[in-house]
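Report on the following structure.
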Amino acid sequence: MHEIKSKDISISFLDNGSIELIKAKDTMINQVKGNTRDGSLMNLYLRLIAEDGSTNFLALTGPKSKSDFFVGERTAIWEGKYAAVSYKVTLTLVESMWFWKINLTSETNCNADLTYVQDLGLGAEAFVTANEAYSSQYIDNYVVQDEAHVTVCSRQNQSQNGKFPYLQQGSLEPLASYATDGFQFYGTEYKATNIPQGLIEKDLPSCNYQYEFTLTALRTPSFEIGKQAVTRVFYAAYVNSRESANTSILLDLNELKEKYGATASFGGRVEKVSVKQHTKERPLAGESLTATEINYFYPHKKQVEESEAGELLSFFDERDRHIVLPTKEKRQERMTGNIVMAGATSKPGTAVMATTQYMCGIFESQTVFGNTNMNILTTNVRNSLNYFKNSGTRILIKINGEDRLLTMPSLFAMSFNGADWIYKLEDDFLLIKGEAAADSDQLKLEFSSLRQKKYELKIRTQLELATLGKDAVVTIQGTHVKVKPAGKLAEKLPYLQYALSYECADSPDVRLERNGTEEYLVAEFQSCANLSVITGLQGQAAKMQDVENERRKNEEFITSFVRKLELKQAKDLLPEYLQPTELIIKWYIHDALVHLLSPHGLEQYGGAAWGTRDVSQGPAELFLALGDTQPVGTIIKMMYEHQFIENGNWPQWFMFDEYAEQFAAESHGDIIVWPLKVVAEYLKASQDTAILNTSLRYMSLKDKKFTSKKEKLIDHIKRQVEYLKNHFLPQTYVSAYGDGDWDDTLQPANSEQKKTMASTWTQELTLETLGLTAEVTADFDHEFSQEIFELKEKMNADFRKYFMKDTVLPGFIRMDSKNEIHYIIHPEDKITQIKYRLLPLQQGILSHVFNEHEKQRALSLIKEHLLFPDGVRLMDRPATYQGGISKIFKRAEQSAFFGREAGLLYVHAHIRYAEALIECGDLRAAWDALLQINPIGIKKRVPNTVLRQANTYFSSSDAAFSDRYQAQQKFSELKHGTIPVKGGWRLYSSGPGIYVAAVKKLLTHKKV
């Protein structure tokens, strides 16, 4: 590794001439670490512009350049030649800023421009690398165009150990255009072309796009290069913390120019680095299939999706597989993918083998057995556009003597626990099949040439050393590989070993390749038309044989759940409701099982834990709706063993496996209620009061381990109720807000508010839970049942006293020192300016605290103020955004991205709205509400929706505003359906299970 340093800044480089990491003490400034194969997202691009306006470009640093590379103490230099242009790039550190000086000369006069690109993380390394998209959502970009200068000021709005890191970027010379997000610079077609769209277009969009891929791109005007040297300078300047709102330029350009002037005196010795290039692998995308060829592979189509021009985009087949074509994938920001699990089980707590499959030639990634954070075998995808092509398992095929990396296929077909990739070549079709075994912890990947042509190819898999441990032992014996973890994983699971087996008539050369800190398993085949790779656990006896046989078993496993819904018997159901519902239910059951057994998602690749609130909803409600109470009993026992012995409360989330010492130390104010709600609903469904006598351990908040002490479940519950009683607002029976409620974005900005605020929704939820608990425990413990009933009555009286002074329920109440009540999120609220909150209105219906008139009034308010074309929003307007400074609510005022919870349409809450409609007997409206969020054929029902993956749960509907300020100014247009809406994060949510339960409730009613 090579490094330059100055003051608090250090920049490390890889041997391929690219930046690996930019840090300011503990703050990671770039977003993704560079790697030895792809280099880094940060780069400088030289474009040569022909007379007709066409361009050719070269990356000046990293493996895609042909630069000589030199490193000194505070300086790095890249030198080379492109066409007739000679270039020298000098990177110099000065205190907490750095300058990129580019010198250009040309043998013949030519026109050119330069583009500077820098990805941003601006957070603690663990924070940024845990989820790059999440960290991006909280980076605020303030852009100033002053005459010909462009300045991009970026602030991390989410506190990093009390600091808010800030980076200012620009140029010492004029700039012509800019971008602030990687989707603007690369474009969605990058997945197929591997060419940044921003380098094809004359200008960058010059719009501040606040999305999930923070990346600054700055472009100069075109200029002439000749024999006289031309110089351009870009700069980046870091400030440890910007406390104030990001609404002005912090650092003066003249001061920056003075600092740059000081670099002229910088000398010192630089040493040439022996650059290791990795430019021999060119991507290979499949050719377009004809209609005849598509019909040959998939003759039976349903739920067909086409573009406005009549192009086929996607469809489902008779086996409910979802088939996606590049015509759709090239238009989407989110890369189509699916998480698959082996074992065909629904038993809570079971460790399963899982992997993630993506359309763009990522055949297995984040392969893991058990804990999805700690037990990972192979690396995961860290970028939605497939920029980094080192992660997971990839296939390289030699064509015309050149290694080609398979990327975008001609067609991608997802089954519930597997997928097919079809690549059409000039004279062949390649079929890659991946499937998770139904009867064992194994994954199988098959490659075949449909014309039985033999190829020289490589299967390359990057090992995840962050979890396996840098001292993991990889043993290769012929075509068999054993991976024995080291470090914490080995301590927790000493007998866990991963095993890989490569099978082909042409026995491959299997080896371990090390590049710096990266390790790859490479299996090289010299002449092969068919091969397979099986990944599993060492010691498993039987090997997975036939992919098609396993696929049929997996399909039958999912179908067995659907039969319990009795959708087929709903013959009087309108076809417009039945057909898309019948199809999406299977996929949502798949998603619900992933949420339970292998907690992570396509965007949220970290998960691993059970959220106390989440597992109490999705999994529990799914099983109860299907009449399967046994798994819910298991969930109850596991959950109550994570109750804190010190106070009777629960963590917000906890690891339910070997890593039980990992959990959240605190929780939102509603968390105490959810375990009891599950017990009450379980007892109502099963009549199994014997479970209340089950002896269970506790978790020690202090010692971070299970206690030796055990108590009956009923005693656990009594501790729980005592906690509830001890956390009321003073002199009331109103539950204190604590660290928040269901909506994470509305956590109080002031810690004092935790003790003075109360959530209306939490109070309603508690009333419902206590009422049901009193009912189902009456025969088991009459005295306790009566105590619960009396508590519920007192809480109900205070609910009507403090929360229901008029016909509109507030989102929250605040009690001042004089015990006077102030409403927050209410027509009287002059502070937030927000008048209506969805959760209290619909929960009042679901919790049965409203009378009939109050129910209808609540529904009327929802429909008038919160119902939008794409669903119901959490509030009638967003929290006021002021440069990322939190005054009332933390994350609602910190997120620079108007999406997910901050975008106000969380699909989970919309499903609860559908349930409220069912409760009120408005069944037609309930069906319409559930179809409103069904991704299959959604364009027909939500005309302003943009393309999204049709076979997976999306957790939010995100309005396509460029930033929070535009969202505030034009929010009313969203209600009129004139603003496009996009699908949010996919798959990992309690929503799919709740959706299935809601459908079951609808099916128990009479026809619509």
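Between the side chains of Q158 and Y134, at least one donor N or O sits under 3.5 Å from an acceptor N or O. Inspection of the Q31 and S136 side chains reveals an N or O donor paired with an N or O acceptor under 3.5 Å. E329 and Q332 form a side-chain donor-acceptor contact under 3.5 Å, judged by distance and modelled atom types alone. A donor atom on one side chain and an acceptor atom on the other are found under 3.5 Å apart for N208 and T180. A side-chain N or O of R219 and one of T115 form a donor-acceptor pair less than 3.5 Å apart. Using a 3.5 Å distance cut-off with no hydrogens or angles, the side chains of Y211 and Q137 do not pair a donor with an acceptor. T129 and E125 share no donor-acceptor pair across their side chains, judged by distance under 3.5 Å alone. With hydrogens and angles left out, the side-chain atoms of K64 and N43 include no donor and acceptor closer than 3.5 Å. With no hydrogens or angles considered, a side-chain donor-acceptor pair links Y881 and N157 at under 3.5 Å. With no hydrogens or angles considered, a side-chain donor-acceptor pair links N141 and S154 at under 3.5 Å.
For D203, there are no salt bridge (Lys or Arg N to Asp or Glu O under 4.0 Å) partners, not counting sequence neighbours. Here T379 pairs with Q462 under the side-chain hydrogen bond (donor to acceptor under 3.5 Å, both in side chains) rule; sequence neighbours left out. Taking the side-chain hydrogen bond (donor to acceptor under 3.5 Å, both in side chains) definition, one finds that T978 meets it with nothing, sequence neighbours left out. With sequence neighbours left out, the side-chain hydrogen bond (donor to acceptor under 3.5 Å, both in side chains) criterion links R394 to N386, S391. Considering only residues two or more places apart in sequence or on other chains, Y358 meets the ring pair (Phe, Tyr, Trp, His ring centres under 6.0 Å) condition with none of them. Remark: T151 engages C153, Q168, Y235, I249 in a side-chain contact (heavy atoms from CB on, under 4.5 Å) (not counting sequence neighbours). Residues passing the ring pair (Phe, Tyr, Trp, His ring centres under 6.0 Å) test with Y238: none are found, sequence neighbours excluded. Y260 pairs by the side-chain hydrogen bond (donor to acceptor under 3.5 Å, both in side chains) definition with nothing, not counting sequence neighbours.
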Just distance, no hydrogens or angles: give the donor-acceptor pairs under 3.5 Å from side chains in residues 50-60, sequence neighbours left out.
unit_1: D52; atom_1: OD1; unit_2: S54; atom_2: N; d: 2.9
unit_1: D52; atom_1: OD1; unit_2: S54; atom_2: OG; d: 2.6
unit_1: T55; atom_1: OG1; unit_2: L199; atom_2: O; d: 3.4

Please tabulate, one pair per line, all N/O donor-acceptor pairs under 3.5 Å involving side-chain atoms of residues 83-91, not counting sequence neighbours.
unit_1: Y87; atom_1: OH; unit_2: S67; atom_2: OG; d: 2.7

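Within a 6.0 Å sphere centred on CD of E73, other residues, nucleotides and ligands contribute 12 heavy atoms or fewer. K398 NZ: more than 12 foreign heavy atoms inside a 6.0 Å radius.
Legend: salt bridge (charged side-chain N to carboxylate O under 4.0 Å, His left out) pairs involving residues 98-120, not counting sequence neighbours, sorted by first then second residue: R47-D113, K81-E107. Among residue pairs with one or both ends in residues 172-181, none qualify as salt bridge (charged side-chain N to carboxylate O under 4.0 Å, His left out); sequence neighbours excluded.
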Task: Audit row: L602, Q949, side-chain contact (heavy atoms from CB on, under 4.5 Å) steps and yes/no - done: CA-CA 11 Å; L602 293 174; Q949 187 172 332; 4.3 Å; yes

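The aromatic rings of Y387 and Y190 sit parallel, their planes meeting at an angle under 30°, below the 60° perpendicular limit.
Contact between P326 and P409 at its shortest, heavy atoms only, is CG-O, 3.0 Å.
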